[in-house]
Amino acid sequence: MVSMQTLTLVLTVLAVARVTRLVNLDRITQAPRDAIVRRLDPDGLMAYMVFCPWCVSVYVGAGAGAAWWAWGDTRIFTAAVLALAASHIAGVLAGLERD
């Protein structure tokens, strides 16, 4: 049987994937990304990092890892990462569907 700690860790990893996509790809965050690029050199390193999932995921993962370490055994944390993980899985599966 999988421990609750292991399950929460897996959900946290999936939540990192969802937040990473939210930050650098989803339409809902397009305006903040555009604002950042307008303020920075569009060809510069900082602008690149806003659109690089590998870059963003390091920072999101660091924050999520710290949060998991501090609150991973709480119901509110589990509920939050479950919602993000379910959203990520649903989005991936929806992308695989054909009409």
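Residue indices begin at 1 and follow the sequence shown.
The other members of the hydrophobic cluster of F77, by chain and number, are V2, M4, L7, L9, L11, W68, W69, W71, V81, L82 (side-chain heavy atoms under 4.5 Å, ILVMFWY only). Hydrophobic cluster membership of L25, counting Ile, Leu, Val, Met, Phe, Trp and Tyr whose side-chain heavy atoms lie under 4.5 Å apart directly or via other members: none, as it forms a cluster of its own. Residue V23 shares its hydrophobic cluster (ILVMFWY side chains chained together at separations under 4.5 Å) with V16, V19, V56, V60, L84. Clustering of Ile, Leu, Val, Met, Phe, Trp and Tyr by side-chain heavy atoms under 4.5 Å joins L40 with I36, V37, L45, M46, Y48, M49, V50, F51, Y59.
Shortest non-hydrogen contact noted between P42 and A47 is O-CB, 3.7 Å. Between S3 and T6, the shortest heavy-atom distance links the atoms OG-OG1, 2.9 Å.
For T74, there are no side chain to side chain donor-acceptor pair (under 3.5 Å) partners two or more places apart in sequence or in a different chain. Among residues two or more places apart in sequence or in another chain, the side chain to side chain contact (heavy atoms under 4.5 Å, CB included) test is passed with L96 by L93. Residues satisfying the side chain to side chain contact (heavy atoms under 4.5 Å, CB included) criterion with P32, sequence neighbours excluded, are absent altogether. For the salt bridge (charged side-chain N to carboxylate O under 4.0 Å, His left out) test, no residue two or more places apart in sequence or in another chain qualifies with D34. Not a single side chain to side chain contact (heavy atoms under 4.5 Å, CB included) links A66 to another residue, sequence neighbours left out.
The distance from the OG1 atom of T29 to the CZ atom of R21 is 9.5 Å, given to the nearest 0.5 Å.
Annotation: side chain to side chain donor-acceptor pair (under 3.5 Å) contacts involving residues 79-94, sequence neighbours excluded, comprise R18-S87. Residue pairs meeting the salt bridge (Lys or Arg N to Asp or Glu O under 4.0 Å) criterion with at least one member in residues 36-46: none, sequence neighbours excluded.
In the model, Q30 has a side-chain atom that pairs as donor or acceptor with a side-chain atom of R33 under 3.5 Å.
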